[in-house]
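Before any comments, here is the structure.
All values reported here derive from a predicted model rather than from experimental measurement.
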Amino acid sequence: MRPNNIEEEKQKFEKNLKEAFIFDEKGYIDIETGFLRENLLTNEAIALAECFRYENLTNSQIRNFFNEVKAIRNILDNKEENWNKVYPMTLMLKSKINYKYNRNKDSEKKLKTLKKFIEKSVDKIIEENKKNNGYETFKNFVIYFEVTMGFAKLKNN
């Protein structure tokens with residue numbers, strides 16, 4: 001790869017990174033419609049998937065975390081009354097990604113965006129939970145994560 005291409009790739013990554021985390025500012029919901037934002041499920045999810053690919057994240061690395069999230073969703077069982085039971089498990093996602101991130105030296109670059117994504121998502125859930133919207137925010141996070149997985153074409157490992 002020519003030096004110019006490396007710089008172009010890095011600039012593209014930075015642009016994708018910024019777009020992937022728009023949810024941190026705008027949330028998951030379109031205020032006017034009350035539904036998930038279209039851009040969240042298209043451009044932002046694609047940008048996040050591109051960031052995972054740029055960092056050479058493997059299918060198994062991201063799948064491990066997605067399975068953790070799905071396990072929480074399954075316990076939730078689409079019942080808001082189960083939210084208090086799974087809320088602590090949701091908070092634990094931050095400690096789990098930090099453990100994986102710090103566990104081996106190789107993962108620093110690979111897991112950087114996934115770590116940021118999990119941390120920002122859990123922070124958003126905490127913020128919305130204080131407004132009694134934690135349950136809905138968690139469900140929206142799961143959808144965003146799942147859509148991103150669909151766009152990610154990662155190495156098998």
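- Between Val142 and Lys139, the closest side-chain pair of non-hydrogen atoms is not below 4.5 Å.
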Evaluate the criterion side-chain contact (heavy atoms from CB on, under 4.5 Å) for residue pair Lys94 and Asp123; output intermediate values, then yes/no.
CA-CA 9 Å; Lys94 282 176 85 168; Asp123 288 345; 2.5 Å; yes
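- Met92 and Leu76 fall into different hydrophobic clusters, defined by Ile, Leu, Val, Met, Phe, Trp and Tyr side-chain heavy atoms under 4.5 Å apart, directly or through other members.
- For Asn64 (side chain) and Ser60 (main-chain N/O), a donor-acceptor pair under 3.5 Å exists by modelled atom type.
- Sorted by first and then second residue, the salt bridge (Lys or Arg N to Asp or Glu O under 4.0 Å) pairs with a member in residues 75-93 read Asp77-Lys79; sequence neighbours excluded.
- Among residue pairs with one or both ends in residues 20-31, those qualifying as salt bridge (Lys or Arg N to Asp or Glu O under 4.0 Å) are Asp24-Lys120; sequence neighbours excluded.
- Enclosure of atom CD in Glu38 is not indicated, since only 12 or fewer non-hydrogen atoms of other residues, nucleotides or ligands lie within 6.0 angstrom.
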Would Phe138 and Asn129 count as a side-chain contact (heavy atoms from CB on, under 4.5 Å) here? Give the steps.
CA-CA 9 Å; Phe138 174 79; Asn129 197 56; over 6 Å; no
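- Side-chain contact between Tyr87 and Ile125: present, with at least one pair of heavy atoms (C-beta onward) separated by less than 4.5 Å.
- A heavy-atom distance below 4.5 Å is found between the side chains of Phe66 and Glu146.
- With a 4.5 Å cut-off on side-chain heavy atoms, Tyr54 and Asn16 do not count as touching.
- Distance check, rounded to the nearest 0.5 Å: CG of Asn102 to NZ of Lys115 gives 7.0 Å.
- Side chains of Glu44 and Asn39: a donor on one and an acceptor on the other come within 3.5 Å.
- Inspection of the Glu119 and Asn98 side chains reveals an N or O donor paired with an N or O acceptor under 3.5 Å.
- Between Glu7 and Lys10, no side-chain nitrogen of the basic residue sits less than 4.0 Å from a carboxylate oxygen of the acidic one, so the salt-bridge criterion is not met.
- With a 4.5 Å cut-off on side-chain heavy atoms, Leu93 and Ile72 count as touching.
- Counting only heavy atoms from C-beta outward, the side chains of Arg103 and Lys100 approach each other to under 4.5 Å.
- Within the 4.5 Å cutoff, no side-chain heavy atoms of Thr137 are placed close to those of Phe141.
- Ile118 places none of its side-chain heavy atoms less than 4.5 Å from the side chain of Tyr101.
- Cation-pi geometry between Lys124 and Tyr28 is not satisfied (NZ or CZ under 6.0 Å from the ring centre, within 45° of the ring normal).
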Run the numbers on Asn82 and Ile75 for side-chain contact (heavy atoms from CB on, under 4.5 Å), then give the verdict.
CA-CA 8 Å; Asn82 291 340; Ile75 295 168; 5.7 Å; no
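- Although no hydrogens or angles enter the test, the distance criterion places a donor-acceptor pair under 3.5 Å between the side chain of Glu55 and the main chain of Thr113.
- Residues in residues 56-69 take part in these salt bridge (Lys or Arg N to Asp or Glu O under 4.0 Å) pairs, two or more places apart or across chains: Glu68-Lys96.
- Salt bridge status for Lys131 with Glu128: present, with a side-chain N to carboxylate O gap under 4.0 Å.
- A distance below 6.0 Å separates the ring centres of Tyr144 and Phe117.
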The test is side-chain contact (heavy atoms from CB on, under 4.5 Å); show your working for Phe23 and Asn140 and say whether it passes.
CA-CA 11 Å; Phe23 79 89; Asn140 295 332; over 6 Å; no
